[in-house]
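Read the structure below first, then the notes.
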Amino acid sequence: MQLNPLFLSAVLAAFSFPAFAAEQTATFSVPGMNCPSCPFIVQSAMCAVEGVQSVETSLEDRTARVVFDDALTAADAIALASTNAGYAAELIQSGSAS
């Protein structure tokens, strides 16, 4: 019996994804955001992290809310990306995305 290569590829792809991956949200305090361009810099740095799906920043609250795939990244890596861009970020809330 010979397996169809396309079928075999589909089966292998299905098993290559982590079984326990979940979409997560994290809210970070970013107190260094104090001008209109700061949120864009933070957003760009955080979005560059593999696994980050979206970033919403608030200059008024000095926060960033990030939705990410926890199989690909973690909140610490996202905070580090912001810090490396010049804006220290501290995790203030984390949980499953809803």
Side-chain angles (χ1 to χ4, degrees):
M1 178 177 154
Q2 186 173 356
L3 291 177
N4 180 325
L6 191 55
F7 172 76
L8 186 57
S9 295
V11 169
L12 290 174
F15 286 106
S16 67
F17 293 103
F20 299 106
E23 189 175 85
Q24 298 289 316
T25 60
T27 302
F28 298 89
S29 171
V30 190
M33 289 194 300
N34 54 25
C35 72
S37 65
C38 293
F40 297 107
I41 296 168
V42 170
Q43 184 177 23
S44 177
M46 290 179 166
C47 280
V49 176
E50 182 181 7
V52 170
Q53 298 167 355
S54 67
V55 178
E56 296 175 14
T57 54
S58 169
L59 178 58
E60 183 177 312
D61 297 330
R62 291 184 169 81
T63 59
R65 182 177 182 274
V66 183
V67 177
F68 64 97
D69 182 337
D70 70 354
L72 298 175
T73 194
D76 290 345
I78 298 166
L80 181 60
S82 182
T83 299
N84 288 342
Y87 298 89
E90 180 182 342
L91 182 66
I92 55 176
Q93 184 177 12
S94 181
S96 296
S98 37

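Closest heavy-atom contact between Phe68 and Ala75: CZ-N, 4.1 Å. Closest approach of Thr57 to Ala64, counting heavy atoms only: CG2-CB, 4.0 Å. Across all their heavy atoms, Cys47 and Val55 have their closest contact at SG-CG2, 3.6 Å. Across all their heavy atoms, Asp70 and Ala22 have their closest contact at OD1-N, 2.8 Å. Heavy atoms only, all atoms of each residue included: Ile92 and Ser29 are closest at CG2-CB, 3.8 Å.
Residues Leu91 and Val52 share a single hydrophobic cluster, defined by chaining ILVMFWY side chains whose heavy atoms lie under 4.5 Å apart. In terms of hydrophobic clustering, with Ile, Leu, Val, Met, Phe, Trp and Tyr side chains grouped at heavy-atom distances under 4.5 Å, Val67 and Met46 are assigned to different clusters.
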Only pairs under 3.5 Å count here: list side-chain donor-acceptor contacts from residues 78-90, not counting sequence neighbours, and write none if there are none.
unit_1	atom_1	unit_2	atom_2	d
Ser82	OG	Tyr87	O	2.7
Thr83	OG1	Ala79	O	3.0
Asn84	ND2	Leu80	O	3.4

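The structure places CD of Gln53 at 11.0 Å from OG1 of Thr73, a figure rounded to the nearest 0.5 Å.
Remark: Gln93 engages Thr27 in a side chain to side chain contact (heavy atoms under 4.5 Å, CB included) (not counting sequence neighbours).
Under a 3.5 Å cut-off, the side chain of Arg65 and the backbone N or O of Glu56 do not form any donor-acceptor pair.
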